[in-house]
Amino acid sequence: MTTDDHLADLHAMWRIRVLEEKILELRLAGDVVGSVHLSNGQEAVAVGVCGQLRKQDAVFATYRGHGWAMARGVPAYPILAEVLARTAGVNGGRGGSAHFSAPEYGFYGENSIVGAGAPIATGAALASTFDKSGRVVVTVFGDGAMNQGAVPEAMNFAAAMDLPVIFVCENNKYSELTPINDMVRNPDLSARATALGIPATRVDGNDAAEVAAATALAIQTARHGLGPTFIEAHTRRIVGHYIGDAQQYRPEGEIEADLAAEPIVRLSQQLIASGVAADTVEATHRRAVAEIEEAARRALAATAADPATALEHLYA
Amino acid sequence: MTTDDHLADLHAMWRIRVLEEKILELRLAGDVVGSVHLSNGQEAVAVGVCGQLRKQDAVFATYRGHGWAMARGVPAYPILAEVLARTAGVNGGRGGSAHFSAPEYGFYGENSIVGAGAPIATGAALASTFDKSGRVVVTVFGDGAMNQGAVPEAMNFAAAMDLPVIFVCENNKYSELTPINDMVRNPDLSARATALGIPATRVDGNDAAEVAAATALAIQTARHGLGPTFIEAHTRRIVGHYIGDAQQYRPEGEIEADLAAEPIVRLSQQLIASGVAADTVEATHRRAVAEIEEAARRALAATAADPATALEHLYA
Amino acid sequence: MRETVKLNYGGAVNAALARSLEDYPEAILFGEDVALPGGVFGVTRGLRKAFGARVFDTPISETAMLGAAIGSAMMGRRPIVEIMWMDFMFVAFDQIVNQASNVRYVSEGRLTAPLTIRTQQGNAPGACAQHSQNMEALLLHVPGIRVAMTSTPQDAYDVLRSAVACDDPVVVIENRSLYAGPKAEIEIGGDPMPIGGHRLRRPGADVTVVTWGSITSRVLAGADRLAAEGIDAEVIEAVWLNPFDHAAVAASVARTGRLVVVHEANTTGGFGAEIVARVVESGASLKSPPRRIGARDSRIPAAVGLAAAVLPQEDDIVGGLRAAVGR
Amino acid sequence: MRETVKLNYGGAVNAALARSLEDYPEAILFGEDVALPGGVFGVTRGLRKAFGARVFDTPISETAMLGAAIGSAMMGRRPIVEIMWMDFMFVAFDQIVNQASNVRYVSEGRLTAPLTIRTQQGNAPGACAQHSQNMEALLLHVPGIRVAMTSTPQDAYDVLRSAVACDDPVVVIENRSLYAGPKAEIEIGGDPMPIGGHRLRRPGADVTVVTWGSITSRVLAGADRLAAEGIDAEVIEAVWLNPFDHAAVAASVARTGRLVVVHEANTTGGFGAEIVARVVESGASLKSPPRRIGARDSRIPAAVGLAAAVLPQEDDIVGGLRAAVGR
Ligand SMILES: Cc1ncc(C[n+]2csc(CCOP(=O)(O)OP(=O)(O)O)c2C)c(N)n1
Ligand SMILES: Cc1ncc(C[n+]2csc(CCOP(=O)(O)OP(=O)(O)O)c2C)c(N)n1
Ligand SMILES: [Mg+2]
Ligand SMILES: [Mg+2]
């Protein structure tokens, strides 16, 4: 990877981070209503994975999906408009923060039922085996979702049928307020995939390049008809699970350690250490801020979703 | 194990085999109505496991559960009466062949939803951690059930909480009419348990002694508070999945091979080869036949379930 | 090309599946034991041979199966998935209630899920409590999911074809006791009809009976018995439950002045309540109170004699109709 | 020992749980995030500390959780399990529909499943379609499962205690928008009351309004508005939905001659239909057709403005009541 590639990753991560920070701000200001789940600290996974995808590929995410949408190319404006319940939102405000989709960008949606996206993504991959699109499907879920029956069912189904799907487990160590290691005996979640005959890797999810490398291999496997791959990406969320989550469940020092290891800080430091000018590095942030500020301004000014349309689109 | 132990196993297996044959006969004669799932060929698993259990232990089985009930000590008469829809049945005819229970014998029931017994058995094991009964719980299910989300959920739950439950997978190679190896990549199903941190073994399920040995270890583990064990018992059903199943899905020669390896034939041959008198061996069969014939005679003569009671026992 | 053939109910389902797979290159068919073995009821026999990899067997993973249907439908396939028994749907109900139902609506129509779930339900002699339930009412409280139930070979064919053609998720509920029924002359091969509508099974002047599913034949037998007593029942089989043809029921009740709904499902919370409520809300003037005849709010015992005491029998129907007309 | 305390709704739930855990040494309490974190709504705070290992966190495995409740209940425990949102129940619905429901009946009473499932449902501002549904009607079509829904601190306490004391599976449905509501003086500490019954929230002469859950307060607000217009609505909150107090509704309707049912759930297939059907089947003479006011048979959009157009608002209630009394 070239320095420019790394700078591009950094910029991509900053765009997500600044988007999330803006959403938080809008939520605290009361412009955004309802629960939002931010991905601060986990940006390298979305950026690393999505950087390897082609236009026709598909991502199925969770409620913690803003960053995945953006990494897939959904512009900030329709995301913010969605979260702000505007007509211009990707789904006109129907999806909201936790359940929006933008298939025109290969973002097949968030899902607010833990684990439920994996079988659907598997179905999307099933379609690939018929339509000759070469489409590879990515489904992302958390560590906690590994304990939801839908996930092993989907993994076995995909394995048995050699479907081109990549299971990305964002292992951020917590499910809401509960540490994953209290809920499993074997902290190596990737072993579950291996047991099903699925090639599995564990990567540093705070390193976009490492995530990208694992994804590239998984994509090759999928495109060659060799079926699914499982990627366990270790990362941390550096915000609460929900707005107002005081994170009392975190052992002392953990948040600090997580903040030191988070992907934006880390990549910035690496770039500077490797001789890139601080201003060049910082410019990635400035550009992201400018973009998101502008998008937020527009989204705030946009028309609210029209209640008269509330009953539309239920059926064909 | 002494010769007497082996003869006891043989007798226990014959009791099940003859019971199943009687149920088949009654079904074909129209005395038994509805679908029945026989366990012919798989008797060694039930006998091997249940021989190690104490009175307070609990078994949760599937629709293919007649043999497990009997191995737990439920007499033939109330089983046959149940299958014949008589008042004297273990559940007065409400459970029928596929869904009966007899908790007074530690048989907590069949279950006709694939995989659904595993979480419930896990709950029974959870109770053991509070009631100091020392109760160990066995849940049995098929190879196909491994692909039902309920099973991995239950296994992880039990592992995370160190519950005294033994997961017995009767791998008879088929789920209804479909070979398990077409539905999984990794034919070693026990690997799934290992991945969850559960000690797992694969045993010859047509050898009651081998099953018993694995069970004994699992029981020790459980009673010492060390949590679940997974036993994959390889066996074959030597009858169709349901009455009238023509078994066209069986590759040529398979049925013959299975018949040669089935546990009753095998143990009989071994005993004779080891010097036990043929008549002593055959006596185990004769005793079983006499017992089941008598039970069937009584059950056929028993009173049919009384429709006037149909609405009882819905609520406390 | 339309033609008239003699098929039983199972054969009609098979023919509809074959025709759908022909019509829609994007159609795929899967489920447990449906492909190589041809289905546990033999209903999908021959389809694997005819359509190759588009017809395949799945693991016993209803959640993965329904998810596979939804995801592939989103991507342009037109999946037909079999859930062997309605009772088994509940291990995977999330995929219907929270997933399939929301695809079109939440995406503002950007995504669609044109999938068909074939299942079958109801009690059969000796079936256990977990293989006997009639659960259409649960689906009918889930906006976004279309639901139909058939009882004749012609409808088994027509409705299934309409379901596959429909661009929304449809659950088609069959009944295993019908599959091997008598052959009937049915017309096949036309274009799929739009979803919706009802079947007038018996015109009558004295009372409107609304029913659906395999119990329809029991209702018709009861109506015939009553005809001998001079009670003339009109029997509407509501093949489509969502969309439901409330207008047809209202029109019939406007003529007969009486309403009875019969379903095999438990009475309380069953869809009969909805039909009764719609009629009375409309202010229809009734000569006698509406009645529902359904199962007696119970679990279903395996013993045939016990199950008969729980499920609505012909005598219950005859008695209910007599009471409705005041005799 | 009875005493009067000031608690909000969430505090009342907490007090009922604490008291149940005290009363029944065999009671255990578990769910996702309920123990160490004290629940995502803080409702189970302090219970882990007070009751130790009897209160524990679980993996995100609703099927295993419900199975754990059923199995431990069969073995003499009295589990209380939390399903964080009613919407999540559908990943594990088999354990309710096919498992818990059948334990007593199929075993002829040899086994029982005295378990309580606490959950909460309904829309809250900005909640997505998968976190907004009102699904009590589905449970009410499953014989063997008791169901209650509460909206006041006193009932939150009383009903939960009755549920835990009940020897059958009970689903108690709460509402997250109520947890942090205002404190009220409530009486705690008495013996658990038997399950069943209703609450007369407002006596009235002109129309009987039956409702349940958090929308009750909206109904009462509407009734107050109408009182100013001289319309005197009687409001019954049907805290217990199974068993349902049909007799109380019938008696009220016999006096008022009019019936309106209000629920937040979708109208079609909702439990309102059952209540209407029961009343009209009984032959009650009504001065105007019964009415149901529920959600407009839709998925629930996240946008607050859109959701308001789907869910029944105070104006809808007022309008419906006016129409019922013919004004
Ligand atoms: C079936 C289901 N159960 C519970 C929840 C509530 N819930 C939402 S997020 C969450 C934690 C998920 O943890 P994890 O899978 O690790 O993902 P993360 O939030 O850490 O990204 C839970 C339990 C849900 N949405 N769906
Ligand atoms: C959830 C569910 N799906 C499908 C079925 C139908 N079914 C009954 S038995 C069976 C095969 C089970 O195979 P396996 O687990 O290997 O057990 P075996 O019958 O071989 O003992 C299937 C698919 C069911 N009862 N429940
Ligand atoms: Mg996590
Ligand atoms: Mg098997």
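To find a chain, count down the sequence lines: A is the first, B the second, and so on, and within it residues start at 1.
Contact annotation for B:Pro119: neither backbone nor side-chain heavy atoms come within less than 4.5 Å of a heavy atom of chain A.
Chosen from A:Asn186, A:Asp182, A:Asn156, the residue pairing most often with chain B at heavy-atom distances under 4.5 Å is A:Asn156. Each of B:Asp188, B:Asp162, B:Asn181 has some count of heavy-atom pairs under 4.5 Å with chain A, and the biggest count is that of B:Asp162. Most heavy-atom pairs under 4.5 Å with chain A, from the set B:Ala191, B:Ala195, B:Pro187, B:Pro152: that is B:Ala195.
Taking the six-membered ring for Trp and the full ring otherwise, the centers of B:Phe230 and B:Phe167 sit at least 6.0 Å from each other.
B:Thr235 has its side chain out of reach of B:Asn171: every pair of non-hydrogen atoms, C-beta onward, lies at least 4.5 Å apart. Contact annotation: the side chain of A:Phe141 approaches that of A:Val151 to within less than 4.5 Å [non-hydrogen atoms, C-beta and beyond].
A 6.0 Å sphere centred on CD of B:Glu256 holds more than 12 heavy atoms belonging to other residues, nucleotides or ligands.
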